[in-house]
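Here the structure is laid out as structure tokens; the discussion comes afterwards.
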Amino acid sequence: MSVLTDLIYGGSNAVAALTEGAVNDAIAKYGAEKEIAFPDTAYFFPTIYAATGVKVKTLGDLPACVGVLKSLITNQEDLGQALNAGLATAVGAEILEGLKFAEPKDSYEDARVAGIGFVPDPIIRSLGVPLVTGDIPGVAVVLGKAENGEDAARVVKDYQSKGILTFLVGDVIEQCADGGVRMGLEFRVIPLGHDVTSVIHVVTVAIRAALIFGNVQPGDLAALLSYTKDRVPAFVNTFGAIDNVVVSAGAGAIALGFPVVVDIDLGENQVPGALESVTDHEKTVAKSLELRNIKIKSKELPIPVAFAAAFEGEIIRKADMKVEFWSAKNTTCELVLMKDAGEVEDHKITLIGPDIDSGETEYALATLIEVYGKKMQADFESVIERKIHSWYNYMEGVMHTGQRNQFRIRISNDAYEKGLRIRHFAEVLYHMIMDEFDTVVDKCQITMVTDKEQAAKILNEQAMPRYNQRDDRLASMTDESVDRFYTCILCQSFAPAHCCVVTPERLGLCGAVSWLDAKATYELNPNGPSQPIMKEGCLDERTGRYENVDKMVKEATHGAVESVTLYSILEDPMTSCGCFECICGIEPMSNGFIVVNREYAGMTPAGMTFGELASCTGGGVQTPGYMGHGRHFISSKKFIHAEGGIERIVWMPKELKDDVAPKLNKTAKELYGIDNFTDLIADETICTDCEALMEFLQEKNHPVLSMDPLL
């Protein structure tokens, strides 16, 4: 055998023997009936489930899986067969990691020393939007221990600055920590664990992406491998010496379509495009991105801190804060206004009031952005405003929450020491507006006001009147008041059979695309993911079925979906990609619907968790009785309109109920004259089973009890 295949088989056989022994030991200790599962997933042992369809629920299910593992190791002198042995190593790694959960749950914390271990389903779903929008352009797996720790830290920081989601395995975790890499889910640099078997937790992210977004059916190994290769832009970097187990794990990555770049000279054992040596760490990043054809759109901004989507989740504690702008203590507002050409001087930046180096810790902040463009529309003002939140959070050392006149900005001590000042915020706004909205904005000027009196003047005389004007317009916008809807196929990069239809009263199921957003997207890019659907050929007003909608959806999904309704959950409901914020599902005993958000990990009265509900809802399929959607759609007058509307809602998690209560109660009052409707909706603090739910609904005399049967 060649040196390469010999190493692969050596590692695979070693892992197989270790796995078999560990399974036998666990069964001897706990018994075959001992339940075993990874946390917060509906996909059992994901690698085994996706590849074979086997649902591992107990230790007794594992010996058969070990048998499958061993059958993949043929020891034949053939690279394809050797790559299959690499998949066997992945199966073994999953079993070994899964066995850690046979112990009490915190024991895994002790076993892994550092790293998060298994990545739950809700996190994968939350990554869907940034992956399809390109905020996360790729996924890196960095493992091992570099000869020079500074080199590893530099490579990972480079990935971080480019928005690459990076997973760390092995001693490289400490090397990156020592090198000042900011780690954690919020920074998109995620330490998994020190054992090489921890790499399986990245593999299961890719595999569950196929199940969640791609509608790949469990047991269809060919479709699984095709999906991971073509639609998951992942790659592997190894640092330091590699043993046969690492080589075998790398073979499994290659089988999934993920190229491996090592920092030792493999000579003739390299496989062009799949396994390549790069001994100069200055070239590691470029070669890795090239092998996956990942193109990074550079955002070099004139600011003294890093700017990348990887910093979007950064939390700045009060102890680490230099200054704060907070509406609870001072006047704040963010306003974009469309102006005539003569009223805007391009790239003019004005500061009225003290800068943040004046010695204070709390300031007012009114941000006035004035734009001119031949194609600019007033409807785009709020679209640009909503982007401020993301742009500010892309700045390292800055935390932004809220919008309009209700927001908080914190600047860290570290960012301040690096020289960050208010004018840099204006530079970020100018450059990002001119970059992302260049087709509608020709000139832009920005005024930043920290003077309390002047800030209050802008808020009261310009911002509030404009906010109110927009709110009045949005409140008057209904599906009936416009002549077109829009498609959104952003998520087709992961869910090829999915297409959203966005209307004024139904935003995209990800919660991130409103009708105005889709309209702006079309204006910015007429050939892009959002296309207009002229509202013609109404076939059924009750369900919201239109000839033109069916035609556009059929075209957009390449024939995978032929017909959808806009307002029904039982008759040809809209498809769901997998990154939906919530799921609405039928609860037969009550004749109603439950609504559950992806952050809720508990049981529902429908007898399924969010993950279990989602497993039959995502992937671009139509599942009558179940529907993915955004949070804000719950309070829409069009929510499950064909089935009776929001009066059918009988249960939702308390956090979600409290969040949507103001708007949902308002809608219920307007439509049905019901006061405080959410008081009639149960949550997990009241019940999680259907019998107790019925008792609650009867006690509250919920209107669903007198409605016509759903089925």
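All figures in this text were calculated on a predicted structure; none of them were measured in a lab. No hydrogens, no waters, no symmetry mates; every other heavy atom, side chains included, goes into these values.
Two residues are said to be in side-chain contact when any heavy atoms from C-beta on lie closer than 4.5 Å; Pro529 and Thr521 meet this criterion. Side-chain contact between Ile646 and Ile640 is absent, with no heavy-atom pair separated by less than 4.5 Å. Contact of the Leu509 side chain with the Met574 side chain is not registered, since no non-hydrogen atoms from C-beta on lie closer than 4.5 Å. Inter-residue side-chain proximity for Ile200 and Val202 is flagged as unmet; no heavy-atom pair is nearer than 4.5 Å. Ile164 places none of its side-chain heavy atoms less than 4.5 Å from the side chain of Val139. Between His498 and Phe213 there is no side-chain heavy-atom pair separated by less than 4.5 Å. Between Ile388 and Gln403, every side-chain heavy-atom pair lies at or beyond the 4.5 Å cut-off. Looking at heavy atoms from C-beta onward, Leu680 lies in side-chain contact with Pro703 at the 4.5 angstrom threshold.
At a cut-off of 3.5 Å, with distance as the only test, no side-chain donor of Arg231 or Ser493 sits close to an acceptor on the other residue. Side chain to side chain, Thr667 and Glu670 fail the donor-acceptor criterion of an N or O pair below 3.5 Å. Using modelled atom types and a 3.5 Å distance limit, the side chains of Asp479 and Tyr567 yield a donor-acceptor pair. Residues Glu97 and His201 bring a donor and an acceptor atom of their side chains to less than 3.5 Å of each other. In this model, no donor atom of one side chain and acceptor atom of the other lie less than 3.5 Å apart for Trp651 and Glu684. One side chain, Glu599 or Asn597, offers a donor N or O that lies under 3.5 Å from an acceptor on the other. For the residue pair Gln622/Asp572, the side-chain donor-acceptor check at 3.5 Å is not satisfied. Side-chain atoms of Asp135 and Tyr394 form a donor-acceptor pair, as typed in the model, at a separation below 3.5 Å. At a cut-off of 3.5 Å, with distance as the only test, a side-chain donor of Asp517 or Ser514 sits close to an acceptor on the other residue.
The backbone N or O of Phe44 sits nowhere less than 3.5 Å from a side-chain atom of Thr41 that would complete a donor-acceptor pair. Listed for the Thr52 side chain is no donor-acceptor partner under 3.5 Å among the backbone atoms of Tyr49. Checked by atom type and distance alone, the side chain of Gln377 never pairs as donor or acceptor with a backbone atom of Ala520 at under 3.5 Å. Counting only distance, with no hydrogens or angles, the side chain of Ser568 and the backbone of Glu571 share a donor-acceptor pair below 3.5 Å. Looking only at distances, a side-chain donor or acceptor of Ser590 sits under 3.5 Å from a matching main-chain atom of Gly592. A donor-acceptor contact shorter than 3.5 Å is absent between the side chain of Thr609 and the backbone of Gly602. A distance-only check finds a donor-acceptor pair linking the side chain of Arg648 to the backbone of Glu643 [under 3.5 Å]. Looking at Thr543, its side chain never comes within 3.5 Å of a backbone N or O of Ala642 through a donor-acceptor pair. Using modelled atom types, one side-chain atom of Arg208 and one backbone atom of Val119 make a donor-acceptor pair closer than 3.5 Å. Judged purely by atom type and a 3.5 angstrom limit, Arg545 has no side-chain atom pairing as donor or acceptor with the backbone of Val564.
Rounding to the nearest 0.5 Å places CD of Glu547 at 13.5 Å from CD1 of Ile533. Atom CG of Leu192 sits about 7.0 Å away from atom CD1 of Ile190, to the nearest 0.5 Å. Remark: Lys666 NZ to Lys637 NZ distance equals 6.5 Å, nearest 0.5 Å. Note that CD1 of Ile569 is 8.0 Å distant from CD1 of Ile586, once rounded to the nearest 0.5 Å.
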(request) Evaluate the side chain to side chain contact (heavy atoms under 4.5 Å, CB included) criterion for residues Tyr43 and Ser615: first the C-alpha distance (whole Å), next the side-chain angles of each, then the deciding distance (0.1 Å), finally the verdict. (result) CA-CA 8 Å; Tyr43 299 101; Ser615 67; 3.6 Å; yes

(request) List the steps, then state whether side chain to side chain contact (heavy atoms under 4.5 Å, CB included) holds for Asp483 with Met534. (result) CA-CA 6 Å; Asp483 65 354; Met534 300 311 296; 4.0 Å; yes

(request) Let me see the working for Asn676 and Thr678 under side chain to side chain contact (heavy atoms under 4.5 Å, CB included), right down to the final yes or no. (result) CA-CA 6 Å; Asn676 301 316; Thr678 51; 5.5 Å; no

(request) Given salt bridge (charged side-chain N to carboxylate O under 4.0 Å, His left out), test Glu381 with Arg386 step by step and report yes or no. (result) CA-CA 9 Å; Glu381 292 175 350; Arg386 285 197 295 274; over 6 Å; no

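Closest heavy-atom contact between Met608 and Tyr626: CE-OH, 3.7 Å. The shortest non-hydrogen separation linking Val440 to Phe380 is CG1-CE1, 3.9 Å. Of all the heavy atoms in Lys162 and Pro137, the pair that sits closest is O-CG, 3.4 Å. A pairwise comparison of heavy atoms in Cys579 and Gly128 identifies CB-CA, 4.1 Å as the closest pair. Considering all non-hydrogen atoms of both residues, Leu710 and Leu570 come closest at O-CD1, 3.8 Å. Taking every heavy atom of both residues into account, Thr204 and Ile124 meet most closely at O-CD1, 4.5 Å.
Salt bridge absent: Lys700 and Asp679 never bring a charged side-chain N and a carboxylate O closer than 4.0 Å. The residues Lys535 and Glu480 are annotated as not salt-bridged, no charged nitrogen and carboxylate oxygen being separated by less than 4.0 angstrom. Electrostatic pairing of Asp121 and Arg125 does not count as a salt bridge here, judged by no charged N lying under 4.0 Å from a carboxylate O. At a threshold of 4.0 Å, the pair Arg470-Asp379 does not count as salt-bridged, since none of the basic side-chain nitrogens sits closer than that to a carboxylate oxygen.
Checked against the 6.0 Å centroid criterion, the rings of Phe235 and Phe258 do not qualify as a close aromatic pair. Aromatic ring centres of His400 and Phe407: separated by under 6.0 Å. For Phe38 and Phe101, the ring centers sit closer than 6.0 Å to each other. Side-chain rings of Phe639 and His632 stay apart, their centers remaining 6.0 Å or farther from each other.
The number of heavy-atom neighbours closer than 6.0 Å to CD of Glu541, taken from other residues, nucleotides and ligands shown, is 12 or below. Heavy-atom contacts from other residues, nucleotides or ligands closer than 6.0 Å to NZ of Lys638 number more than 12.
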